[in-house]
Amino acid sequence: SWDVSTTNGAIAIDEDSAMAIAGISTSGTLSLTTTGALTQSGAIGAGAVTVSASGQAVTLTHTSNAMTSVDITGADIDVTDSNGIDIAAITSGTTLDVIAGDAITDSGTMAVSGAATFTTKKAGGAAITLDQSGVHGFSSVKAETFTDDGTTPAAGAITIDEASAMTIAGLTTTSTVSLTTTGAITDTGDIAAGAITINTTGGSNAAARAVTIAGETTNATSWDVSTTNGAIAIDEDSATDLAAITTTGNLSVVSAGSVTDSGVVSVGGTTGVTVATTENVILDSANTFTGAMTLTAGDGGGVTAFGNVTIKNSTAVKLDDNSALAAGDLYLNAGTDGAVGGDLSIISGGAITQGIQLGVSGSASFKTLNDTPAGITLSNASNTFGAITAQARNAADGDDVAGSITISEGAAMAIADISTTGTLSLTTTGALTQSGAIDAGAVTVSAGANNVTLTNTSNAMTSVDITGANIAV
């Protein structure tokens with residue numbers, strides 16, 4: 001074994017057999033070359049450390065090691081450092097396991113044909129930053145930041161850049177995660193993290209830009225995913241927040257809780273969102289869902305139902321069944337298709353229409369936003385709603401425009417607010433009442449033998465044509 005100590009002198013040891021380190025101490029550089037395995041029984045304290053052990057195991061796991069950086073050529077490589085450590089290079093690694101008492105960084109290339117694991121253990125957390133652009137290659141990668149007990153997740157930010165497809169074997173941190181790759185991203189291990197940002201736009205084609213986070217236990221604060229045209233699939237075991245989604249491909253989100261958006265979602269292909277029954281889907285940013293959109297409550301059968309549903313889409317929206325979904329269609333897949341157990345709100349950059357009966361237990365709100373007036377046509381005679389709001393507005397949502405509004409209900413109808421300079425047609429099989437004003441052009445009401453009570457003092461209707469029993473306007 002070797003036990004070498006200098007104040008600041010460089011140390012170089014070359015051995016034609018396995019090498020055992022009993023202790024090294026220097027503030028200078030350390031170079032170790034061996035034709036066999038490298039092990040240690042005592043700590044290494046050194047500056048930049050270079051190890052050449054091609055094809056051999058390198059096991060430097062003494063908990064008191066203190067190395068400024070490591071440049072290691074070997075097979076199965078295990079490194080532990082009591083402080084932070086910089087990885088200057090890993091060459092021809094079969095596996096890699098790095099554990100540090102402070103931050104882990106990189107200043108060179110890592111090539112690992114097998115699994116690579118990075119762990120920090122520090123009170124308050126320490127970051128893992130492997131951000132050398134487009135150079136690293138791992139079969140799989142796992143990154144975890146713990147407190148000094150080695151088991152409690154801590155706030156160490158994780159950044160990983162890989163020059164190939166990335167397989168996530170696990171992520172653990174209470175802080176942010178940033179993943180960048182020139183290939184597709186998949187997962188084989190659990191993920192527990194704060195806000196996650198993923199960028200696969202450097203991939204060579206749609207398949208090489210795909211992101212598939214599914215099948216493992218996954219919990220994150222939010223998701224910001226950009227793939228150019230790669231398909232995105234996220235399966236989360238808690239509520240899901242979409243901080244930003246950008247793809248011309250397809251999007252699939254499966255959540256054990258509600259799904260919300262804190263940023264813009266832009267999807268060129270189809271969108272599928274599945275939530276646990278009675279959970280909410282609130283996607284109310286300036287979103288664009290170009291392809292067909294399917295929302296599913298639970299398994300879509302039995303007595304499953306949504307909580308509240310809000311969808312904002314820059315394009316026209318047709319509330320439809322699943323028989324022949326087309327671009328712009330929105331399918332509400334629940335125990336009763338088209339049914340919402342809570343409130344429903346649709347905000348559209350084009351016309352709002354329907355091809356399926358709607359049943360909304362809570363309030364129902366419909367708004368179009370377009371300088372070229374876009375109408376609202378919900379004329380299924382079996383619709384049922386709570387209080388109804390319908391508005392035809394300009395793109396900036398500053399003024400009413402002449403979008404015609406047609407609403408039918410197979411029950412009593414309650415109006416919360418109507419705003420348009422165009423025509424309004426209301427058909428109901430029960431009484432018609434209002435709790436908020438109607439501001440419209442020519443108004444037509446068909447209520448059969450039922451009462452019509454439109455007595456809000458702020459009503460502003462150009463004309464009325466009413467069929468009903470006791471009529472008050």
Side-chain angles (χ1 to χ4, degrees), residues 115-116 128 130-131 133-134 136-143 157-173 176-257 259-275 283 285 287-291 293-294:
I128 298 172
L130 311 176
D131 61 354
S133 180
H136 301 318
F138 313 111
S139 175
S140 67
V141 61
K142 183 176 185 178
I158 296 173
T159 302
I160 303 173
D161 190 313
E162 189 166 358
S164 58
M166 181 183 292
T167 299
I168 302 167
L171 295 170
T172 302
T173 181
T176 59
V177 172
S178 176
L179 306 175
T180 303
T181 175
T182 59
I185 291 182
T186 56
D187 66 327
T188 59
D190 296 346
I191 296 174
I196 295 180
T197 300
I198 296 175
N199 188 321
T200 62
T201 58
S204 59
N205 53 46
R209 300 183 186 109
V211 174
T212 306
I213 307 296
E216 306 300 327
T217 301
T218 300
N219 296 281
T221 303
S222 64
W223 299 86
D224 180 339
V225 184
S226 181
T227 72
T228 304
N229 60 352
I232 300 171
I234 299 170
D235 189 333
E236 187 159 13
D237 295 280
S238 56
T240 301
D241 175 55
L242 305 177
I245 298 289
T246 305
T247 182
T248 59
N250 300 332
L251 171 66
S252 172
V253 177
V254 178
S255 177
V259 174
T260 58
D261 61 346
S262 57
V264 173
V265 179
S266 179
V267 182
T270 61
T271 298
V273 176
T274 299
V275 295
L283 302 176
S285 296
N287 303 318
T288 299
F289 301 103
T290 302
M293 188 175 193
T294 298

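Smallest separation of non-hydrogen atoms from A193 and V177: CB-CG2, 3.7 Å. For the pair T176 and T173, the tightest heavy-atom approach, listed with the atom from each and the gap, is O-CG2, 4.1 Å. The nearest pair of heavy atoms linking T227 to T247 is OG1-OG1, 3.0 Å. Among all heavy-atom pairs drawn from I168 and L179, the shortest one is CD1-CD1, 3.5 Å. The heavy-atom pair separating E162 from H136 by the smallest distance is CG-O, 3.4 Å. Annotation for D161 and G134: closest pair OD1-N, 3.1 Å, computed over non-hydrogen atoms.
Among D261, T240, D241, the single residue meeting the side-chain contact (heavy atoms from CB on, under 4.5 Å) criterion with W223 is T240.
The side chain to side chain donor-acceptor pair (under 3.5 Å) contacts involving residues 180-190 comprise nothing, where partners must be two or more places apart or lie in separate chains.
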Before you tell me yes or no, could you show the steps for T270 and N250 under side-chain hydrogen bond (donor to acceptor under 3.5 Å, both in side chains), namely the whole-Å CA-CA distance, both residues' side-chain angles and the distance that decides it to 0.1 Å?
CA-CA 5 Å; T270 61; N250 300 332; 3.3 Å; yes
Show the numbers, then the answer: is there a side-chain hydrogen bond (donor to acceptor under 3.5 Å, both in side chains) between T159 and D131?
CA-CA 6 Å; T159 302; D131 61 354; over 6 Å; no
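Distance CD1/I191 to CG/D237: 10.5 Å, rounded to 0.5 Å. Residue I234 holds its CD1 atom at 6.5 Å from CD1 of I198, rounded to the nearest 0.5 Å. If you take OG1 on T260 and CG on L283, they are separated by 7.5 Å, rounding to the nearest 0.5 Å.
Without hydrogens or angle criteria, S285 side chain to N287 main chain gives no donor-acceptor distance under 3.5 Å. For T200 (side chain) and R209 (main-chain N/O), a donor-acceptor pair under 3.5 Å exists by modelled atom type.
Side-chain polar atoms of E216 and T218 form no donor-acceptor pair below 3.5 angstrom.
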